[in-house]
Amino acid sequence: MTILLVEDDRAIADALVDGLRDNGYAVTHVVSGQEAITKVRAGGITAVVLDLGLPDIDGTEVCRQIRVFSHVPIIVASARETEMDRVNVLDMGADDYVVKPFGIKELVARIQAVVRRSTGTVAPVTHIQVGSLVIDAKARTVMLGKDAIALTAKEFDLLEYLAREPGTVFRRTDILRDVWKTTWYGTTKTLDAHVASIRKKLGNPDWVESVRGVGFTVKAQP
Ligand code: CA
């Protein structure tokens with residue numbers, strides 16, 4: 001299990017490298033966005049812990065560029081703590097977010113959670129079909145009829161989660177807990193943004209129905 005730590009602050013990096021190694025992880029440490037992209041491209045990285053304020057490329061852009069070619073779990077670690085930043089990085093394809101200063105225990109717990117999700121320890125059903133919508137949970141592909149639908153990693157997670165039980169209305173809090181592994185308030189806007197994006201990409205808002213005051217459901221026959 002190798003963690004790629006992207007952090008240009010020497011003191012923070014030293015503490016995190018030590019803490020992660022104490023918890024049994026191998027750590028590759030880089031100080032720039034360009035190095036981070038290169039390392040992920042080279043492979044062998046289990047998860048990325050990414051600072052936003054980097055000397056060359058902003059962390060959100062690093063995240064976006066990695067997502068073009070990799071589903072590696074990314075946890076953003078930053079002192080920027082406004083809701084907008086959280087929404088922004090999650091929309092850029094990050095899997096989670098920790099606000100500095102944070103403890104090594106919190107970081108390790110979040111790493112474990114995103115890695116567990118990405119390795120799909122619970123994925124007995126890999127082929128999900130709802131009408132003309134076909135989701136391959138293993139290959140992480142979505143087909144609508146003959147068309148391949150390109151979703152972000154989190155959009156895919158959300159659609160797969162809802163589509164496993166068509167007609168079931170999932171509560172917002174449950175979706176946040178199970179798909180985002182979080183309960184923080186800022187994510188509800190992110191959830192709406194992801195639903196909107198999925199609807200747009202599927203070309204029909206009826207695929208994901210809002211149930212007022214409750215949450216969302218994937219309809220069997222839009
Ligand atoms: Ca920094």
Side-chain angles (χ1 to χ4, degrees), residues 1-119 152-155 157 176 179-191 193-194:
M1 298 267 274
T2 301
I3 306 301
L4 176 62
L5 174 64
V6 189
E7 173 61 74
D8 62 322
D9 183 306
R10 184 65 186 267
I12 293 173
D14 286 350
L16 289 179
V17 168
D18 287 348
L20 289 169
R21 286 186 178 146
D22 287 346
N23 280 275
Y25 293 101
V27 183
T28 299
H29 172 220
V30 298
V31 298
S32 73
Q34 196 53 57
E35 288 174 290
I37 293 164
T38 303
K39 287 285 182 195
V40 172
R41 209 181 276 282
I45 301 296
T46 311
V48 180
V49 176
L50 177 67
D51 179 31
L52 288 187
L54 295 168
D56 56 346
I57 314 170
D58 189 80
T60 53
E61 176 61 16
V62 173
C63 203
R64 198 191 62 75
Q65 289 193 26
I66 288 174
R67 276 293 169 264
V68 172
F69 64 90
S70 172
H71 287 303
V72 68
I74 299 174
I75 298 171
V76 164
S78 175
R80 300 180 199 171
E81 54 185 321
T82 66
E83 182 176 291
M84 193 54 226
D85 280 321
R86 294 179 170 187
V87 170
N88 211 12
V89 294
L90 293 173
D91 284 345
M92 287 295 163
D95 296 274
D96 207 347
Y97 192 111
V98 284
V99 177
K100 292 174 180 172
F102 53 87
I104 191 72
K105 275 187 182 164
E106 181 185 1
L107 180 61
V108 168
R110 286 174 186 270
I111 289 172
Q112 286 172 343
V114 296
V115 169
R116 196 161 50 234
R117 261 185 292 151
S118 76
T119 51
T152 66
K154 193 56 77 179
E155 287 167 3
D157 291 343
L176 293 177
V179 178
W180 271 268
K181 306 292 179 200
T182 185
T183 51
W184 41 256
Y185 176 75
T187 323
T188 63
K189 278 184 186 168
T190 301
L191 172 55
H194 280 72

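Counting starts at 1 for both ligands and their atoms, in listed order.
- Backbone or side-chain N, O or S atoms of Pro55 do not reach the Ca ion (ligand 1) at under 3.0 Å.
- Residue-level check: among N/O/S atoms of Asp8, OD1 sits closest to the Ca ion (ligand 1).
- Asp51 has its closest N, O or S atom to the Ca ion (ligand 1) at the position named OD2.
- At least one side-chain heavy atom of Val62 sits under 4.5 Å from a side-chain heavy atom of Leu50.
- For Glu35 and Lys39, the salt-bridge test fails: no basic side-chain N is under 4.0 Å from an acidic carboxylate O.
- The main-chain N or O of Thr2 is found under 3.5 Å from a side-chain atom of Thr46 such that the two form a donor-acceptor pair.
- Classification of Arg64 and Asp58 as a salt-bridged pair fails, no side-chain N sitting under 4.0 Å from a carboxylate O.
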